[in-house]
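One structure is given below, encoded as structure tokens.
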Amino acid sequence: MSPLAALVAHDARIEARSREVLVATLLLGLLIAVVGLLALGGSADVGAVTAGVLWIGFAFIGSLGFARAFARELDRGTLDALLGLPIERGALYLARTLTNAGLVALVALVLAPAYLLLAGGAPPAVALATTGLVLALGIFGLAAAGTILAAIAGATRARDTLVPVLLFPVALPVLIAAVDATRAALGGASLGALAGELSLMLGYDIAVPAVSWLLFEQVVEG
Amino acid sequence: MSGTGERILLVAGILSLFVVIAASFLIAPDAANFRAPLTQRIFYYHVPSAWVSYVAFAVTSAASVVTLVRRDESRRADRIAASSAEIGLLFSIIALITGLLWSREEFSNYSPLADAKVITLVALIAAYAAYLVLRANVDDPARRARLAAVFGVLAFIGVPLSYLASRLSVHPDFAAPDESLAPELGILLGVSLIGFTVLYASLLAFRVRIARAADVIREEMLS
């Protein structure tokens with residue numbers, strides 16, 4: 001088993017046992033969806049409202065969940081033990097990014113269908129497939145930025161409270177592109193019509209993890 | 001840089017500001033192709049402020065890269081990054097306020113959130129604010145330099161891409177103005193740009209000196 005796969009399996013196993021972050025984020029997501037439905041349910045444009053509610057949810061879940069997952073490793077001394085292993089620091093970052101993205105994706109899998117059903121009427125299968133691709137690219141970008149920023153916040157006095165502050169300016173491009181593309185995709189836009197947004201998110205999904213892979217060592221040392 | 005150099009920069013910056021203020025109100029003719037020719041005069045302050053806020057951001061990011069690459073023990077690059085961020089925050093707020101004031105007069109149905117430049121300035125202000133809040137929350141100077149530098153590099157991905165993303169997704173429902181200036185007004189804008197840049201350079205030089213003095217004092221007290 002490669003170190004990366006072992007680390008992902010380790011993170012996933014801890015989460016599967018405690019369900020500490022998953023349950024909290026899922027309930028938070030449902031709360032946001034229900035309040036969104038109550039406030040905006042009568043609105044004509046289901047796609048626009050759904051895109052807004054989903055991404056408000058993911059941004060909140062990201063800020064809370066990424067911080068929590070990292071704080072757990074700090075508090076239990078897991079991080080110190082992991083740093084003692086003869087593996088690339090970047091691999092630690094990438095493993096944590098993948099589990100963080102998986103966590104948000106899991107919430108998305110529950111939240112998006114639930115919200116679409118509650119809001120009335122599922123869009124056609126093609127629109128759902130396009131939306132799924134948009135959500136996947138956006139969620140990975142959010143997790144890539146959120147994971148290293150949670151590590152930075154964890155090394156400060158303010159700890160978790162700093163995550164949303166740091167996340168906003170860094171994750172803004174992926175949020176702008178994802179909200180816009182989700183709305184368009186739910187409205188039935190083709191992949192070609194979303195080429196701009198998709199390539200921007202793809203670029204972000206490559207650039208941020210690449211830079212973070214290089215810099216993660218400087219965040220966790222000392 | 002010696003103290004004399006900083007003073008010359010500061011005097012040059014202030015003098016050019018006086019020239020800009022006098023010229024923009026007393027000499028410059030109305031910009032004919034604008035709906036609100038009087039309010040257009042805010043250009044001579046708005047455009048250079050936005051320019052300085054971008055330059056300061058580039059300086060902070062570049063100094064962050066230097067801090068990370070050199071693992072700078074003297075923390076010289078870190079002082080430049082932090083000082084430039086403080087000045088950049090000030091000028092980006094000025095740029096946002098002056099821009100919103102102007103656009104209210106110039107456009108009939110303006111919506112700020114449909115303007116990619118507004119979103120970019122908001123992202124820039126958020127990045128500066130987050131950078132400074134992050135610094136304030138770390139006590140150890142070496143660790144503060146490292147963490148702030150990593151954030152500075154990440155913000156340098158976030159802010160320019162915010163501009164691209166909002167260019168893709170916002171669809172302005174206000175008529176794009178003819179922002180071309182007559183040549184003599186362009187010259188005045190050029191003078192203002194140079195003046196603001198010199199002012200930024202002098203403020204940066206002074207702020208870095210203060211930061212260096214603070215570092216020296218802290219080390220003296222510790223030893």
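Numbers restart at 1 for each chain; the letters A, B, ... are given by sequence-line order, proteins then strands.
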- prompt: Got a sec: does the CZ of B:Arg104 have more than 12 other heavy atoms crowding it under 6.0 Å?
  reply: no
- prompt: What are the two closest non-hydrogen atoms of A:Ala177 and B:Ala165, and how far apart are they?
  reply: N-CB, 4.3 Å
query: Taking C-beta and beyond as the side chain, do B:Leu164 and A:Pro173 meet within less than 4.5 Å on heavy atoms?
result: no
field: Max heavy-atom pair count under 4.5 Å with chain B, selected residue of A:Gln218, A:Met201, A:Glu197
entry: A:Gln218
task: Give a yes or no on whether B:Phe206 atom CZ has more than 12 heavy-atom contacts from other residues, nucleotides or ligands under 6.0 Å away.
output: yes
- prompt: Does any heavy atom of chain A fall under 4.5 Å from the side chain of B:Ala148, the backbone, both, or neither of them?
  reply: neither
task: Using a cut-off of under 4.5 Å on heavy-atom pairs, state which of B:Ile125, B:Leu134, B:Val133 scores highest against chain A.
output: B:Leu134
message: Using heavy-atom distances under 4.5 Å, tell me whether A:Leu215 contacts chain B through its side chain, its backbone, both, or neither.
response: both
Chain A contact via B:Val153 - which portion, at a heavy-atom distance below 4.5 Å: side chain
Non-hydrogen side-chain atoms of B:Leu168 and A:Asp180 separated by less than 4.5 Å: no
message: For chain A, which candidate among B:Asn137, B:Val150, B:Leu161 shows the most heavy-atom pairs at distances under 4.5 Å?
response: B:Asn137
Minimum heavy-atom distance between A:Glu221 and B:Arg146, given as atom pair plus value: O-NH2, 2.6 Å
- line: chain B shares the most heavy-atom pairs under 4.5 Å, among A:Leu172, A:Leu166, A:Val179, A:Val165, with A:Leu166
- prompt: So which of B:Val138, B:Leu147, B:Val159 has the biggest tally of heavy-atom pairs under 4.5 Å with chain A?
  reply: B:Leu147
task: With a 4.5 Å cut-off on heavy-atom pairs, point out which of A:Ala155, A:Gly203, A:Ala207, A:Gly196 contacts chain B the most.
output: A:Ala155
message: What's the separation between atom OG1 in A:Thr156 and atom CZ in B:Arg135, rounded to the nearest 0.5 Å?
response: 13.5 Å
message: With a 4.5 angstrom heavy-atom cut-off, is it the side chain or the backbone of A:Leu149 that approaches chain B, or both, or neither?
response: side chain
Pairwise side-chain contact, A:Val170 with B:Phe151, heavy-atom cut-off 4.5 Å (strictly under): yes
statement: Under 4.5 Å to a heavy atom of chain B? For A:Leu167 that would be neither
field: Donor-acceptor under 3.5 Å (B:Arg143 side chain, A:Val219 main chain)
entry: no
